[in-house]
Number of protein chains: 2
Amino acid sequence: MTTRTAAQRRQEAKVAYDAFLATCPARQLLDAISDKWVSLVLNALSGGPRRYSDLDRIIAGVSQKMLTQTLRSLERDGLVERTVTPSVPVRVDYALTDLGRDLQVLMLAIKSWAEGNIEQVRDAREAYDARSGG
Amino acid sequence: MTTRTAAQRRQEAKVAYDAFLATCPARQLLDAISDKWVSLVLNALSGGPRRYSDLDRIIAGVSQKMLTQTLRSLERDGLVERTVTPSVPVRVDYALTDLGRDLQVLMLAIKSWAEGNIEQVRDAREAYDARSGG
DNA sequence: CCGTATCCTGCGTGATACTG
DNA sequence: CAGTATCACGCAGGATACGG
């Protein structure tokens, strides 16, 4: 047996894992969270628990399939908690876990960056396209 | 004509754009950067300019096609600058722009989070799978 | 209301070969 | 060295219908 605690193992992990390596578990986790729906779902939950139908409405354009699939994946990874209230009709709420909130803060920064810099990106695209086209 | 400067327009953008809306340009930008290769490429460039072949080596498992495609997209969006040195054989370097460095800092946080929390996620997955399986 | 099941399409992705 | 071109494949992802 090992004498290391879980916390100690996690500390080592910060140097032991390298997302640049294709076979590294951290790379696969990075792939999983680098998903177009993940940041939207996490940010939609930033204000507190939300019902499934709320999320469906907040995140415009998501299909039932992708919303459910993303929520299941986040729940399995321990980022989101699912609570079922056995009323009629049934009510399901989703909430961020502590781990999920950690990531949500980072994802909010990404989302805000996109919203705040889209104009510069648009200018860059026009310049690039003009160069290529001309 | 408008009297607003480009900087002023960008300031307004921070409230005018909403990535939750499917048709919003910011949503499309968020989709573009929520790509599994984008964070790896940006972080691979964090230490300074890199040659194409360097990137190919650093980012294990990426195909030529996806690497080129990702670099082109980042270049078009003004996040990466491409420099060709007409030697024989030709040498091509990629570097972050100021805008790209902004985003890279955020992406590094995501990558580090993945590397530092994979063990907790792994534990969560095992618990979830045990619950479903049992 | 909150999903799951099924079908179907297309595009993301990799492999391979070729070019300047 | 740094791509481009072409092909082939799988599965992501949407639409629809049904179920608890």
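Proteins come first, then strands; the chains are lettered A, B, ... in the order of their sequence lines, and each starts at number 1.
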Between D:dC1 (P) and B:Arg57 (CZ): distance, integer Å: 11 Å
B:Leu29 side, atom CG; B:Ser34 side, atom OG - distance, nearest 0.5 Å: 9.0 Å
Scan the side chains in residues 71-79 of chain B for donor-acceptor partners under 3.5 Å anywhere in the protein, sequence neighbours excluded, and list what turns up.
| from | atom 1 | to | atom 2 | distance (Å) |
| --- | --- | --- | --- | --- |
| B:Arg76 | NE | A:Asp129 | OD1 | 2.9 |
| B:Arg76 | NH2 | A:Asp129 | OD2 | 2.8 |
| B:Asp77 | OD1 | A:Arg125 | NE | 2.6 |
| B:Asp77 | OD1 | A:Arg125 | NH2 | 3.3 |
| B:Asp77 | OD2 | A:Arg125 | NH2 | 3.4 |

Ion pair check, B:Glu115 and B:Lys111, cut-off under 4.0 Å: yes
Between C:dC1 (P) and A:Arg50 (CZ): distance, integer Å: 16 Å
Check against salt bridge (Lys or Arg N to Asp or Glu O under 4.0 Å), A:Asp54 and A:Arg51: CA-CA 5 Å; A:Asp54 290 336; A:Arg51 300 186 62 170; 5.5 Å; no
d(CE, B:Met66; P, C:dC11) in whole Å: 14 Å
Closest contact, heavy atoms only, A:Leu40 versus B:Phe20: O-CE2, 3.4 Å
Interatomic distance where CG belongs to A:Asp56 and P belongs to C:dT4 [whole Å]: 14 Å
Sequence-aligned protein contact record of nucleotides 2-11 of chain D, with B where the base is within under 4.0 Å of a protein heavy atom and S where only the sugar-phosphate is: SBB-------
Integer-rounded Å distance: D:dG14 P and B:Asp31 CG: 10 Å
Rounded (10°) bend between the five-pair end axes of the helix from C:dC1-D:dG20 to C:dG20-D:dC1: 50°
A:Gln28 CD: over 12 foreign heavy atoms closer than 6.0 Å: yes
Rounded distance in Å - CD (A:Glu75) to P (C:dC2): 15 Å
No-hydrogen, no-angle side-chain donor-acceptor test under 3.5 Å, B:Gln120 and B:Asn117: yes
Interatomic distance where CG belongs to B:Asp35 and P belongs to D:dA12 [whole Å]: 15 Å
Side-chain donor-acceptor pair present, A:Tyr94, A:Thr83, cut-off under 3.5 Å: no
